[in-house]
Amino acid sequence: MYTRTFPDAPDLPIEFGAMRLIPARHLRMIKAGRELGLRFVHFVEEFGRIPERTRLYLRNSHLSIPELGTSRTPYKLRPAERRNPTDLQRSLSERFTNYNGSDPNTERFTAVTLRDGIPLYFQSYKEVLRKTGISNEAYNYIFDNSLFKFGLGDDDQSIIRFPRTRRGFEENTISTGLPRVVSVPTGMGSYPTGFLRQYLSRNPRRHRYHPNRQLIKISKIKRGLYRLRFRRTRTINGRTIPTMKYFDIFTRNVILALPKIAIQRIQMPNSNNPVFQSALNSVIDVQASRIFLIYDYPWWLNERFNFTFTQADLPYRQSFHWGISRTGKAVLLMSYADSDDAVFWSHLQRRGNVISKMNDDTRVTDEVIRHAHIQMSKVYKINFKHIPAPVDAMMFVWDKYPYNGAWVSWKPGSRWYDIKNYLTAPFPQDNIFIVHGYWGAEHNGWGESSLDAADDVLTYFGLPSYLSL
């Protein structure tokens, strides 16, 4: 979670990390938010693609959501493939797998492809789609219409996206009294800052927070103690630099609330255990990027187009109308991209002249703006020279240590719940626990997964679940 604000729009927090919650699924996050005194409001765009507010730009063609699968679809589809891409994927699941969705948590790992009997979770999504015999055009149609590229390649497990629940077996939702998708008006960063404030105030004498310390080694010494070796670091303009200064801490228990790559760089007892390394590597880091631009007026909203969400097969992938500040300035989430498209923007961030007011890890260059405006001009059918210059800009790419990605995707062959439970306490002879949402089973990739992982440790010690308190 990474919240910032533009000086020219201080009332509109922008989100480089988590930006929305699903109350019916994220019960711990909603409960924790209420306990922290946070307020929830409807995230108006929800997941995008709301038909009356969406413009699609695929293969140099402009489409609306209802036009997908019609004669206006710019793909050479077979007659049976001419349908909405979501319906097409559902149909393929119903015809080529034995999954029916009546018991999703079990069936995900027992369902097979009917042609060869191989469990779905052993296969990539791309591999399963190829077995259905659909055309290359249909595959590209599904790929281009997906909001994210993760989950569609050879390295991603098929059950992240496939099978789709059959009609009549839709998942039951829990009523929370909140809209389907919500956000936090003060920014999602209110969660970590709220948790930290609560932790420090609960026991001011013992609870401390020390930033810029990198854990590099855990050693087991006599009488059940562990020596933790830390290296001091310095952070300048968003860049963290290691120093040659070290210090030790002694403890009886170690809880690692760290992402995968950070854990893999720690020397610790049994860390070379192949089962442990295999469990850590059951997930793939997904690089992602977001670019926010602020203008004097919302040029993307007028009588001629008035679209608040766009999606394209261009590197920007998705754009959201973020809002209009009380200052009158308008904010556009110009790009939300992942995988190779995030790499595209990362390269541009290192080229050209910095034009943003902040020259830190959110800096934006004139090369980023030039490419952004060229792509937007195609989607909105206007000359890119007529798009006004932004007042300010910020962007962030999740591709560096210690995260290496914005979220993770499961590899084929991963049994989510087995891995999640194993990593809670991976070494029976050691009091070393892992509490991180990277391996959060069905909540993988959401903030809920971190609280779910913390709940797993409570369960391990026989304590009540957070949800039951």
Side-chain angles (χ1 to χ4, degrees), residues 1 17-18 21-22 25-29 32 104-106 108-109 119-125 148 150-151 153 155-161 191-192 195 215 218 253-266 268-288 338 398 401-428 430-461 463 465-467:
M1 297 178 183
L21 295 168
I22 310 172
R25 290 181 53 198
H26 303 152
L27 302 180
R28 295 172 183 83
M29 289 292 288
N105 285 352
T106 300
R108 286 189 182 107
F109 301 98
L120 287 173
Y121 84 94
F122 267 113
Q123 306 174 68
S124 71
Y125 185 65
F148 301 99
F150 91 95
D155 297 328
D156 301 288
Q157 190 180 62
S158 68
I159 57 176
I160 297 167
R161 288 177 178 261
Y191 271 100
F195 288 146
L215 178 61
I218 302 172
N253 299 278
V254 182
I255 298 179
L256 301 175
L258 297 171
K260 181 180 76 170
I261 191 69
I263 291 176
Q264 289 178 320
R265 291 193 183 183
I266 300 170
M268 58 180 166
N270 301 303
S271 61
N272 292 326
N273 181 318
V275 176
F276 176 63
Q277 287 298 327
S278 176
L280 292 181
N281 286 315
S282 61
V283 291
I284 308 163
D285 291 305
V286 180
Q287 296 182 351
D338 71 322
W398 295 91
Y401 177 86
Y403 307 103
N404 276 34
W407 60 83
V408 292
S409 180
W410 290 105
K411 291 182 180 179
S414 302
R415 294 184 65 91
W416 308 349
Y417 300 96
D418 293 345
I419 291 167
K420 181 169 89 93
N421 293 335
Y422 164 76
L423 283 175
T424 298
F427 314 122
D430 285 307
N431 290 335
I432 297 176
F433 308 95
I434 295 178
V435 185
H436 200 287
Y438 261 52
W439 303 272
E442 73 274 18
H443 299 304
N444 198 333
W446 293 91
E448 181 75 7
S449 62
S450 290
L451 301 190
D452 190 18
D455 236 353
D456 287 340
V457 173
L458 296 180
T459 301
Y460 179 85
F461 286 110
L463 298 170
S465 164
Y466 173 61
L467 286 176

Do you know the tightest heavy-atom contact between Ile434 and Phe276? CD1-CE1, 3.7 Å
Indicate the atoms forming the closest heavy-atom contact of Ser409 with Ile160, along with that distance. OG-CD1, 3.0 Å
Taking the basic N atoms (NZ, or NE/NH1/NH2) and the acidic carboxylate oxygens, is any pair closer than 4.0 Å for Asp455 and Arg28? yes
Donor-acceptor contact below 3.5 Å, side chain Glu448 vs main chain Met29: yes
Name the orientation class of the two ring planes belonging to His26 and Trp446 (parallel below 30°, tilted from 30 to 60°, perpendicular beyond 60°). tilted
Ignoring hydrogens and geometry, is there a side-chain-to-backbone donor-acceptor pair from Ser414 to Trp416 under 3.5 Å? no
Could you check whether any side-chain N or O of Ser158 sits under 3.5 Å from a backbone N or O of Leu120, counting only pairs where one atom can act as donor and the other as acceptor? yes
Mind listing the closest non-hydrogen atom pair of Trp439 and Pro259 along with its distance? CH2-C, 4.5 Å
OG/Ser271 to CD/Gln264 distance, rounded to the nearest 0.5 angstrom? 10.0 Å
Per ring-ring contact (aromatic ring centres under 6.0 Å, His included), Phe433 is matched among Phe461, Phe427, Tyr422 by Phe461
When rounded to the nearest 0.5 angstrom, what is the spacing between CG in Asn270 and CG in Asp430? 5.5 Å
So, does Asn273 use its side chain to make a donor-acceptor pair with the main chain of Val275 at under 3.5 Å? yes
Search all heavy atoms of Lys411 against all heavy atoms of Ile284 and return the closest pair with its distance. CG-CG1, 3.5 Å
May I ask you to say whether Lys420 pairs ionically with Asp456, meaning some side-chain N is under 4.0 Å from a carboxylate O? yes
Pair Gln287-Asn404, side-chain donor/acceptor within less than 3.5 Å: no
Looking at every non-hydrogen atom in both residues, tell me the closest pair between Gly405 and Tyr438 and how far apart they are. O-OH, 4.2 Å
Other residues, nucleotides, ligands: >12 heavy atoms within 6.0 Å of Phe109 CZ: yes
Decide whether a cation-pi geometry holds between Arg108 and Tyr417; the criteria are a distance under 6.0 Å from NZ or CZ to the six-membered ring centre and an angle within 45° of the ring axis. no
Please examine the side chains of His436 and Leu256, heavy atoms only from C-beta on, and report whether any two atoms are closer than 4.5 Å. no
Do you know which two heavy atoms are closest between Asn444 and Gly437, and how far apart they sit? OD1-O, 4.0 Å
Whether Tyr191 and Phe195 hold their rings parallel, tilted or perpendicular, with breakpoints at 30° and 60°: tilted
Can you tell me how far apart CZ (Arg265) and NZ (Lys260) are? Round to the nearest 0.5 Å. 12.0 Å
Is the shortest side-chain heavy-atom distance between Arg161 and Phe148 below 4.5 Å? yes
Kindly state whether the ring of Tyr121 and the ring of Trp410 have centres lying under 6.0 angstrom apart. no
Chi angles and distances behind the side-chain hydrogen bond (donor to acceptor under 3.5 Å, both in side chains) call for Gln157, Tyr125: CA-CA 6 Å; Gln157 190 180 62; Tyr125 185 65; over 6 Å; no
Between CG of Asn421 and CD1 of Ile419, what distance do you get to the nearest 0.5 Å? 10.5 Å
So, do Pro192 and Met1 sit near enough that their side-chain heavy atoms are less than 4.5 Å apart? yes
Can you establish whether the number of heavy atoms outside Asn272 located under 6.0 Å from its atom CG is more than 12? no
OH (Tyr466) and CG (Leu458) are apart, to the nearest 0.5 Å, by 11.0 Å
